[in-house]
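So you know, we letter chains A, B, ... as the sequences are listed, proteins then strands, and number each from 1.
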2 protein chains.
Amino acid sequence: MTSKQEFIEKLRNSSLRPTKQRINICEVLFNRDKTFHFTINDLFNLIKDRTADKVSLATVYNTVHAFHKKGYLKEIPINSNQTYFDTNVTDHHHFFDVKEEKLIDLKNEDVGPIEIQKSIPGKKIKSVEVLVKLED
Amino acid sequence: MTSKQEFIEKLRNSSLRPTKQRINICEVLFNRDKTFHFTINDLFNLIKDRTADKVSLATVYNTVHAFHKKGYLKEIPINSNQTYFDTNVTDHHHFFDVKEEKLIDLKNEDVGPIEIQKSIPGKKIKSVEVLVKLED
DNA sequence: TTCGTTGTTTATAATTATTCTAAAGAAGAT
DNA sequence: ATCTTCTTTAGAATAATTATAAACAACGAA
Ligand SMILES: [Mn+2]
Ligand SMILES: [Mn+2]
Ligand SMILES: [Zn+2]
Ligand SMILES: [Zn+2]
């Protein structure tokens with residue numbers, strides 16, 4: 001449980017002004033035990049439910065991108081028409097439940113180390129991530 | 001090198017009528033040595049260059065989806081605004097050159113076997129694919 | 001071959017996610 | 001309080017994709 005005050009500090013430390021919209025979004029995103037996977041629309045709806053204060057869709061886009069740029073959110077490439085975001089910003093692996101369209105984090109030890117045996121001249125590896133698709 | 005006649009048969013066997021548009025697209029997609037990674041727009045432009053016959057964008061979309069449904073093309077989830085397709089329809093791993101926005105196939109032996117240690121009740125694994133992002 | 005059926009192509013409109021714009025509003029500094 | 005800069009917002013714009021419906025082409029049966 002992170003307090004409003006801590007979010008304000010976090011925002012200030014990131015040179016992002018602590019507006020009530022941003023604090024609201026922080027509370028939805030970061031006051032959680034588990035990793036949260038979401039689309040912009042998911043988030044927009046959660047915020048609408050949460051409080052009477054309405055936050056515009058444009059602000060949700062702006063804020064998510066600001067947080068992404070600061071490294072507080074990760075973008076996840078999934079076959080879909082919508083972009084997914086993830087509050088777990090470390091390099092990590094996923095289950096993707098194809099039917100439910102839901103992401104589930106895998107711990108590194110659930111997958112084990114992966115050694116890439118091939119290299120491309122002039123390029124280096126930035127990340128290695130596994131996507132495990134699940135069906136019924 | 002596959003002949004026009006063979007594409008016609010392939011289409012017939014798939015209950016797709018061998019129209020000149022579809023044959024044209026087959027020739028662009030499948031007359032290749034190596035795996036081909038492309039977006040709809042890439043393909044549309046290649047076809048424009050190739051012959052005087054113009055194929056409409058709608059037909060390119062229709063045909064790619066028809067081929068995808070028949071299992072002749074694979075969709076690749078990459079962070080981007082455009083969907084990528086792949087003529088290599090097996091489960092396989094990729095390099096993604098982030099700067100060039102280009103996909104490169106990895107052979108299974110370039111990565112090695114991956115054992116997933118976690119399971120979700122009622123779900124089984126459909127595929128396991130690795131995405132290795134490359135930077136300069 | 002002609003005809004009727006069904007599948008296909010195409011131009012165009014519609015949809016959807018996302019980004020842009022520009023004006024009004026809020027935060028921070030002085 | 002005032003000024004500056006950043007932020008929010010409604011609404012317009014963009015871009016990828018999908019839907020529509022009319023013209024057209026492939027096919028099989030007569
Ligand atoms: Mn995750
Ligand atoms: Mn590939
Ligand atoms: Zn972003
Ligand atoms: Zn498809």
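Side-chain contact, A/T39 with A/D42: a donor N or O sits under 3.5 Å from an acceptor N or O. Residues B/S14 and B/Y72 have side chains that bring a donor and an acceptor to within less than 3.5 angstrom of each other. A donor-acceptor pair shorter than 3.5 Å can be found between the side chains of B/H37 and B/D105.
Judged by the 6.0 Å and 45° rule, B/K102 forms no cation-pi pair with B/Y84.
Using the six-membered ring where Trp is involved, B/F67 and B/F30 have ring planes that are tilted, between 30° and 60° apart. Ring orientation note: the planes of B/F36 and B/F38 are close to parallel, at an angle under 30° on the 30°/60° scale.
With sequence neighbours left out, the salt bridge (charged side-chain N to carboxylate O under 4.0 Å, His left out) criterion links B/K107 to no other residue.
Close to C/dT19, at under 4.0 Å from its OP1 or OP2, lies a side-chain N or O of A/H65.
Among the protein residues, A/N41 comes within range of no part of the nucleic acid, since none of its heavy atoms lies under 4.0 Å from any strand.
Evaluated for a side-chain contact (heavy atoms from CB on, under 4.5 Å) with B/H93, the options B/N108, B/D110, B/V132, B/L131 yield exactly one hit, B/N108.
Closest approach to the B/A58 side chain among C/dA11, D/dC27, C/dG28 is made by C/dA11 (side chain taken as heavy atoms from C-beta onward).
Near DNA chain C, defined here as any heavy-atom distance below 4.0 Å, there are no residues from residues 2-9 of chain B. Listed by residue number, the members of residues 16-25 of chain B with any heavy atom below 4.0 angstrom from DNA chain C are B/L16, B/R17, B/T19, B/Q21, B/R22.
For the pair B/Q82 and A/N62, nearest-nucleotide mapping onto DNA chain D gives the more 5' position to A/N62.
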